[in-house]
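So that the names make sense, note that chain A is the first sequence line, chain B the second, and so on, each numbered from 1. The structure displayed is predicted, hence computed values, not measured ones.
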There are 2 protein chains.
Amino acid sequence: MDKRITIYDLAKTLGVSAGTVSRSLNDHPSISQKTKDRVISKANELGYKTNKFAVNLSKQKSNTIGVIVPKLNSIFMSTVLAGIEKIANEAGYNLIISQSLESMEKEKINAKTLYDSGVDALLVSLAYDTSNFDHFANYIKNKIPLIFIDRVTNLPNCSTIIIDNKLAGFVATEHLIAQGCKNLLYISGNLKQNVYSERLKGFQEAVAKHNLIFNNANLLESDLSPGSVKQAITHIKDTGIPFDGLFVANDSFAAHCLKELKKENYKIPQDIKIVGFNNDPISDLVTPTLSTINYPGYEMGILAGQSVISQLNGSIDFQAANSITLRHELIIRESSLK
Amino acid sequence: MDKRITIYDLAKTLGVSAGTVSRSLNDHPSISQKTKDRVISKANELGYKTNKFAVNLSKQKSNTIGVIVPKLNSIFMSTVLAGIEKIANEAGYNLIISQSLESMEKEKINAKTLYDSGVDALLVSLAYDTSNFDHFANYIKNKIPLIFIDRVTNLPNCSTIIIDNKLAGFVATEHLIAQGCKNLLYISGNLKQNVYSERLKGFQEAVAKHNLIFNNANLLESDLSPGSVKQAITHIKDTGIPFDGLFVANDSFAAHCLKELKKENYKIPQDIKIVGFNNDPISDLVTPTLSTINYPGYEMGILAGQSVISQLNGSIDFQAANSITLRHELIIRESSLK
DNA sequence: AGGTATTACGCAACCGATTGCATAACTATA
DNA sequence: TATAGTTATGCAATCGGTTGCGTAATACCT
């Protein structure tokens with residue numbers, strides 16, 4: 001077969017040293033143009049391919065960015081990933097993607113694996129139950145850029161890419177109030193996560209601002225899985241409070257609730273108005289269409305990608321790791337109209 | 001800071017050779033248990049981490065599997081990926097994922113990049129317009145396992161993981177006919193792709209079997225993007241054929257059509273019955289709920305993963321690369337009921 | 001032409017493992 | 001105890017580049 005040819009083969013053929021070949025191929029300034037041209041054309045002629053393994057070893061870097069997401073099969077996450085991949089790819093980096101499946105344990109293992117395999121940077125969206133962050137210590141200690149996306153935590157020198165969940169929650173809630181809702185329910189995900197707890201804060205602020213009541217019954221913490229819809233419906237029906245406005249932490253769950261409520265003969269939006277979150281494609285296809293908060297997943301991915309790349313290129317001071325907050329947007333559709 | 005310690009450090013500390021350390025760490029049979037224990041415990045004590053770069057170079061393999069998908073942000077693809085990731089991760093492999101964005105050019109570049117970065121195997125779901133397969137030649141020549149998923153082609157020694165699209169198309173169509181439809185329209189994706197052309201074959205067979213008419217007007221080739229919905233509606237309204245049954249190549253597009261047809265005052269399913277494809281979460285949330293073909297994305301991912309791993313482990317003969325066909329399933333919902 | 005500054009290149013160490021082959025150490029057998 | 005047979009280890013080459021340092025070769029200047 002055709003054994004891979006190396007810089008040594010080239011060097012021998014051309015009668016120069018391997019160092020010269022290497023420098024020529026990397027366009028090093030201390031090599032004459034003439035020599036570079038000779039080397040490069042011979043390299044093409046012989047079909048030379050650089051061996052990444054050797055480069056990695058000698059440079060101690062992999063041109064690879066690690067990513068840990070809770071689940072790949074979520075429309076939001078895969079959209080974020082699409083953005084990240086685009087930027088990384090354009091910058092010549094490969095993406096190693098792994099999923100924590102919402103488990104801190106698996107997140108830990110993945111973080112370790114990626115660290116061991118020598119990623120140059122790590123992007124993370126935290127698992128559902130991550131409460132400890134020691135598994136990122138190695139990255140920080142070794143100054144490997146570490147960036148959190150959406151589901152974040154505050155670690156020294158780590159960037160975060162988020163939206164203003166509190167404000168979004170506030171806006172969504174105030175919209176419901178403006179449409180005449182008096183008895184609001186926030187159906188939340190795990191409140192240990194910043195995204196959901198922040199939205200709750202916004203929800204509470206809006207409720208307080210308009211002198212509505214907020215107590216335990218106005219909040220339902222759920223795992224947002226389809227299986228939990230019944231529980232939500234039960235809450236709505238049996239709490240005794242005449243709920244007329246729902247703010248649901250994601251569109252998918254909101255759509256399920258919508259469907260179930262219709263089955264229970266609630267009229268949407270007449271009886272109960274609903275605002276979801278994410279602007280999932282689904283939100284525009286259900287009947288009635290679902291009001292929601294547009295959550296710029298793709299842009300988040302793009303920004304996350306750009307942020308890593310610039311940190312890797314040194315164009316951003318690593319110490320000055322910053323936090324980027326993207327703009328969200330309330331999309332008003334049928335499910336919340338008076 | 002703490003510089004990484006190497007097998008040489010261990011060797012010096014223990015008074016043995018680097019080779020012995022290496023073999024001990026890898027549980028090589030020719031090392032005594034006593035020595036192994038000493039080495040391993042010292043390694044733990046000093047916090048030894050194996051340097052993957054060096055291992056890769058010396059073994060010329062990366063413990064990494066490359067994946068090229070058309071788009072990350074598709075519910076189907078990300079579900080497949082979730083399955084692949086699970087298996088790969090369990091087997092100790094990392095996944096480098098890249099997207100072709102439905103462009104053969106980018107697919108080519110990605111294939112090359114992944115090849116250069118030394119992936120041990122490649123999983124591919126082809127781009128929309130891929131018509132040439134030279135970019136996979138290197139893999140085949142060098143016996144790097146190459147597996148196609150869903151959107152496949154027939155290359156020597158390459159496995160494929162698919163469903164029986166022709167049969168699925170047949171079943172879906174026959175269902176519509178059984179519900180009384182006489183004038184059927186198949187709204188297809190790019191017919192150069194196996195998935196869509198096979199479904200067309202099934203569609204045609206069913207139509208023929210039941211002595212219905214099939215001509216150009218019964219087929220609409222579309223790019224299935226939301227922007228093309230109007231074109232589909234126009235086709236339905238203006239062709240002069242009183243279409244009463246639609247077989248649509250994916251649920252998302254089907255849902256859009258459904259919505260638009262309702263706007264045009266078609267009654268679904270009374271006037272027109274619809275069957276989609278994929279069992280996208282959306283299909284159960286639209287009104288009326290959408291009949292569809294369940295497409296086992298996660299299982300495809302799992303199988304693809306298992307297939308690669310066993311090829312890499314040599315537990316499957318590389319030459320005997322096989323083609324796996326998964327079972328699909330017709331899910332009957334409201335949109336197609338008499 | 002002689003001296004100095006540049007430029008272009010070669011040398012060889014280094015990155016951190018893996019592994020075929022040789023051999024020392026130890027066991028078992030006669 | 002000498003000898004053959006195992007078993008456990010060391011040696012050193014190898015994987016394929018990168019890079020600091022030294023110097024030969026060429027250019028520039030007076």
Side-chain angles (χ1 to χ4, degrees), chain A residues 1-40 42-43 46-64 92 115-120 142 144, chain B residues 1-40 42-43 46-64 92 115-120 142 144:
Chain A
M1 197 71 50
D2 51 340
K3 54 174 173 291
R4 266 167 106 81
I5 75 156
T6 70
I7 54 168
Y8 296 101
D9 301 327
L10 283 178
K12 204 183 303 173
T13 312
L14 290 164
V16 297
S17 77
T20 299
V21 172
S22 171
R23 280 185 261 252
S24 296
L25 261 15
N26 292 304
D27 203 22
H28 187 104
S30 80
I31 300 289
S32 71
Q33 194 55 48
K34 202 170 64 177
T35 305
K36 281 180 190 170
D37 291 343
R38 283 183 60 219
V39 171
I40 290 170
K42 182 57 86 178
L46 268 50
Y48 168 80
K49 291 263 157 59
T50 127
N51 181 319
K52 287 274 171 59
F53 298 145
V55 178
N56 289 349
L57 173 59
S58 115
K59 292 211 179 146
Q60 293 295 316
K61 58 167 296 197
S62 61
N63 244 268
T64 281
Y115 180 78
D116 288 346
S117 55
V119 294
D120 297 338
N142 294 30
I144 297 173
Chain B
M1 198 62 57
D2 52 339
K3 53 176 176 291
R4 266 168 106 83
I5 74 157
T6 71
I7 56 168
Y8 297 100
D9 301 326
L10 283 177
K12 203 184 304 174
T13 313
L14 291 163
V16 299
S17 78
T20 298
V21 173
S22 171
R23 280 185 262 252
S24 296
L25 261 15
N26 292 304
D27 203 23
H28 187 104
S30 79
I31 299 289
S32 71
Q33 194 55 49
K34 200 169 66 177
T35 306
K36 280 180 190 170
D37 291 344
R38 281 182 61 219
V39 171
I40 290 170
K42 182 59 85 177
L46 269 47
Y48 167 79
K49 291 265 159 56
T50 129
N51 182 319
K52 288 274 171 61
F53 298 145
V55 178
N56 290 348
L57 173 60
S58 108
K59 292 212 179 143
Q60 293 295 317
K61 59 166 294 199
S62 62
N63 244 266
T64 281
Y115 180 78
D116 288 346
S117 56
V119 294
D120 297 338
N142 295 17
I144 296 172

Against the side chain of B/A54, the closest entry in D/dG10, D/dA8, C/dG16 is C/dG16
**Item:** Any A/Y48 side-chain N or O less than 4.0 Å from OP1/OP2 of D/dG17
**Value:** yes
Q.
Counting the atoms with a prime plus P, OP1 and OP2 as sugar-phosphate, which does B/T6 contact under 4.0 Å by heavy atoms, base, sugar-phosphate, or nothing?
A. sugar-phosphate
Within the pair B/T20 and D/dG10, is there a side-chain N or O less than 4.0 Å away from OP1 or OP2? yes
### Message
Looking at A/S58, I'd like to know whether one of its side-chain N or O atoms comes within less than 4.0 Å of OP1 or OP2 on D/dT18.
### Response
no
In whole angstroms, the gap separating P of C/dG16 from CG of B/L46 amounts to 15 Å
*asked:* C/dT18, OP1 or OP2 - any side-chain N/O from B/N26 closer than 4.0 Å?
replied: yes
Considering only heavy side-chain atoms of A/Q60, the closest of D/dA8, D/dG17, C/dC15 is C/dC15
Notebook entry, point to check: Any side-chain donor paired with an acceptor under 3.5 Å for A/D37 and A/Q33?
Noted result: yes
Per atom distances to the A/R23 side chain, the nearest of D/dT19, D/dG16, C/dA17 is D/dT19
*asked:* Donor-acceptor check, side chain of B/R23 to backbone of B/S30, threshold 3.5 angstrom: yes or no?
replied: no
| When you check the gap from the basic side-chain N to the acidic O, do B/K36 and B/D27 get nearer than 4.0 Å? | yes
Measuring to OP1 and OP2 of C/dT19, would you say a side-chain N or O of B/S22 lies under 4.0 angstrom away? no
Among D/dA8, C/dA8, D/dT18, the one nearest any side-chain atom of A/Y8 is D/dT18
For the residue pair B/Y48 / B/D9, report whether a side-chain donor-acceptor contact shorter than 3.5 Å exists.
no
So, OP1 or OP2 of D/dG16: does either fall under 4.0 Å of a side-chain N or O from A/T50?
no
